[in-house]
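Here the structure is laid out as structure tokens; the discussion comes afterwards.
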Amino acid sequence: MADAGNKQSQEAYVPYEETKLYRIRHSTAHVMAQAVLELFPDGKIAIGPPIENGFYYDFDLGADDEGNPLSFTPEDLDAIERRMREIIKGNHSFEYRQVTAEEARDLYRTQPYKLELIDGLAVGGIDEYGEETSEEAIISTYKHDTFEDLCRGPHVEHTGQIPPDAFKLLSVAGAYWRGDENNPMLQRIYGTAWQNKKELKAYLHMLEEAKKRDHRKLGKELNIYLFDDEIGPGLPLWQPNGAILIEELEQLAREQEARHGYERVRTPHLAKESLFLRSGHLPYYEESMYPAMDLEGTRYFVKPMNCPMHHKIFAAQQRSYRDLPIKYAEYGTCYRYEKSGELFGLMRVRSMQMNDAHIYVSEDQFEAEFLDVIDMYIEYFEIFGIEKYIMRFSTHHRNGLGKKYVDNERLWLKTEEMVRKTMNNSGIPFVEVPDEAAFYGPKIDVQVWSATGREFTLATNQVDFAVPARFGLVYTNSEGEEETPLCLHRAPLSTHERMIGFLIEHYAGAFPVWLAPEQVRVIPITDSHVEHVAALARRLREEGIRAKADLGSDRMNAKIRSAQLMKVPYMVVIGDREVENNALALRKRDGSRQDDMPVEEFATLLKERIQTRSALL
RNA sequence: GCCGAUGUAGCUCAACCGGCAGAGCAACGCUCUUGUAAAGCGUAGGUUAUGGGUUCAAGUCCCAUCAUCGGCUCCA
């Protein structure tokens with residue numbers, strides 16, 4: 001996600017690490033750590049890097065008498081911020097020096113986290129963030145005032161170069177040491193820092209604006225979905241407006257999939273344990289599954305994915321190479337037991353409907369079919385005007401073989417190379433990220449961001465080299481021999497939940513006409529027009545347009561306001577003139593108006609917009 | 001799941017150091033009959049998330065549970 005206030009879009013690209021802003025943020029983190037240690041002399045410091053829009057620093061403040069970890073209070077943050085400004089005023093210079101491992105161990109003899117970092121650096125191969133590195137490790141520190149931190153820099157020259165009115169401590173959060181949930185939890189302070197007060201204000205303003213398009217806020221205001229305590233966390237209820245969004249997306253998927261040669265199937269929500277043992281879900285995925293239901297001595301599980309069911313349909317008939325590719329699509333309903341703290345509005349739920357399909361291909365069909373899926377992504381993204389995304393190529397990591405990943409390194413490397421080659425041939429930009437694959441194969445994910453800046457996988461295109469064999473899936477090749485197909489799992493429209501959560505934010509609730517739950521609101525000027533208004537709304541509905549008449553007791557102005565707040569694309573106002581001329585006064589959501597429009601013309605225009613899924617208002 | 005914060009009417013929020021739970025909007029009723037973002041008056045609406053505890057007295061203090069939010073971990 002681009003920095004707010006980043007004005008260098010057209011200029012030569014400078015890596016973040018080399019910018020002044022990076023040095024300011026890094027230095028502010030050091031100043032904060034000094035302030036914290038002054039206020040909490042027994043505190044232990046971990047790491048404190050610059051991040052997008054700011055910085056953080058992790059601390060261990062020890063535990064209370066009962067062993068509960070101590071944390072920062074909001075008042076502590078105020079005190080820390082005040083002390084930071086005093087330190088900045090001192091104009092202390094940042095002094096770099098290289099030290100030997102022995103010197104470093106002595107310097108940080110009371111800092112266990114630093115000692116662990118030094119061990120990583122001294123042995124080599126592990127940098128301060130716990131990442132593997134091939135660089136030869138140099139141990140260095142930066143010192144300003146009384147604070148000397150194990151650090152490779154870079155920093156500003158002296159603390160006076162940190163603008164004292166352009167940073168702010170934002171929040172306290174728990175974070176595991178080295179990002180591993182088996183490690184102790186540290187207390188992290190997040191801060192933001194900028195080159196001047198104006199940039200800081202702009203950033204804080206942008207955060208406020210982002211909150212306004214948060215799908216959780218808009219989802220409630222626009223009556224799209226809700227959660228109910230008695231239903232359960234992560235289990236959304238779709239209100240009528242949400243159900244319309246779902247049905248429009250399904251209709252879009254149906255049309256696109258038919259065009260691309262898919263067939264629809266339907267499968268149950270539950271299956272016996274043996275199915276998920278065979279598929280590998282129980283060995284590799286059980287912690288994300290709802291626990292078993294035990295019925296008459298048989299264990300049943302709710303499905304977390306649709307693939308095993310589709311494999312059974314593939315297996316039910318003899319297959320020839322002439323039949324391939326076979327593409328089974330289903331908006332399947334799946335349940336995944338996400339940990340309670342991982343739930344996030346519609347973006348991360350426990351019940352979901354996936355835009356799922358499984359494509360069974362021979363090896364020589366792989367490239368064309370894989371690209372056909374990528375093409376489909378792009379078709380969808382054009383319809384929605386989605387421009388900000390990255391394609392992420394997720395591969396396995398050797399350490400996870402047999403645990404996170406099926407244990408066949410040869411096929412991992414082979415299929416990863418197939419994907420890499422396909423993507424390179426296509427010319428579509430992508431980034432490769434190790435250790436993010438599915439348990440059964442590598443994948444291309446499309447990463448997007450929520451309004452509040454959180455990154456999500458929206459669409460996915462996954463290779464499965466493992467599970468078809470486990471199901472004994474075969475087709476007869478042209479030589480008359482049996483071969484196991486590869487399977488592509490793909491979900492270009494994500495799940496309804498995540499897609500709609502994303503679209504709410506993407507459009508800030510102002511959906512294009514074809515998606516808008518309510519397309520037209522017809523508003524009478526006085527009570528004498530009520531009957532005509534009701535008839536007009538009915539007439540539009542008969543044409544397949546989602547129109548509602550506002551027959552309440554409000555005045556016309558109030559009715560327009562409430563339609564605006566619900567982001568209804570078209571408001572139609574009816575008074576004496578319109579009744580007389582069989583016309584309407586059109587007001588669009590953007591405030592533009594068109595008076596005396598013949599009803600026929602309006603209906604035709606609207607139907608054209610809807611049918612072409614136009615982005616135009 | 002972990003660290004921290006929060007939970008008052010359908011929504012947004014008040015309620016001092018523990019002392020009768022309140023407002024705006026929405027809903028409902030009446031009046032007005034209106035030309036492009038809020039007419040006026042009135043009525044109703046609450047076991048203060050849930051369950052315990054302390055106290056003469058608890059929205060307020062304590063404990064537990066549930067949910068949500070900011071992160072971590074994890075992910076479509």
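The basis for the numbers below is simple: all heavy atoms, side chains too, and nothing from hydrogens, waters or symmetry mates. So that the names make sense, note that chain A is the first sequence line, chain B the second, and so on, each numbered from 1.
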Query - Separation between OH of Tyr176(A) and CE of Met185(A), rounded to the nearest 0.5 Å - result: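 These two atoms lie 4.0 Å from each other.
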Query raised in the report: Yes or no on side-chain contact (heavy atoms from CB on, under 4.5 Å) for Phe40(A) and Leu70(A), after CA distance, side-chain angles and deciding distance?
Result: CA-CA 11 Å; Phe40(A) 299 87; Leu70(A) 291 169; over 6 Å; no
Query raised in the report: Tell me, for nucleotides 69-76 of chain B in 5' to 3' order, what letter each nucleotide earns: B for a base near a protein heavy atom under 4.0 Å, S for only sugar-phosphate near one, - for neither?
Result: SBBBBBBB
Report summary line: Sequence neighbours excluded, the answer for side-chain contact (heavy atoms from CB on, under 4.5 Å) partners of Lys327(A) is Tyr262(A), Pro325(A), Ile359(A), Glu369(A), Asp372(A)
Requested in this report: Could you list the residues that satisfy side-chain contact (heavy atoms from CB on, under 4.5 Å) with Asn182(A), not counting sequence neighbours?
Outcome: Asp180(A)
Requested in this report: In whole angstrom, give the distance that lies between atom CG of Asp550(A) and atom P of U34(B).
Outcome: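 Taking atom P of U34(B) as the reference, CG of Asp550(A) is at 18 Å.
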Report summary line: The dot-bracket string of RNA chain B, counting Watson-Crick and G-U wobble pairs with both distances under 3.5 Å, using [ ] for crossing pairs and | for pairs to another strand, is (((((((..((((.....[..)))).(((((.......))))).....(((((..]....))))))))))))....
Query raised in the report: Sub-3.5 Å donor-acceptor pair from the side chain of Glu432(A) to the main-chain atoms of Phe393(A), do we have one?
Result: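 Not at all, since once roles are kept as given, no pair shorter than 3.5 Å links the two residues.
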Requested in this report: Give a yes or no on whether a salt bridge exists between Lys567(A) and Glu221(A), defined as a side-chain N under 4.0 angstrom from a carboxylate O.
Outcome: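 No, no charged N to carboxylate O under 4.0 Å.
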Query raised in the report: Rounding to the closest angstrom, what is the interatomic distance between G42(B) and U50(B) at atom P?
Result: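 One P to the other, the span is 32 Å.
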Query raised in the report: Does any residue of residues 553-569 of chain A have a heavy atom under 4.0 Å from RNA chain B, and if so, which ones, in number order?
Result: Arg555(A), Met556(A), Asn557(A), Ala558(A), Ile560(A), Arg561(A), Gln564(A), Leu565(A)
**Report entry** All pairs passing side chain to side chain donor-acceptor pair (under 3.5 Å) where residues 583-596 of chain A contributes a residue, at least two apart
**Finding:**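 Qualifying pairs: Gln564(A)-Arg587(A), Asp590(A)-Ser592(A), Arg593(A)-Asp595(A).
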Query raised in the report: Looking only at heavy atoms, what is the nearest atom pair of Leu204(A) and Lys168(A), with distance?
Result: CD1-CD, 3.9 Å
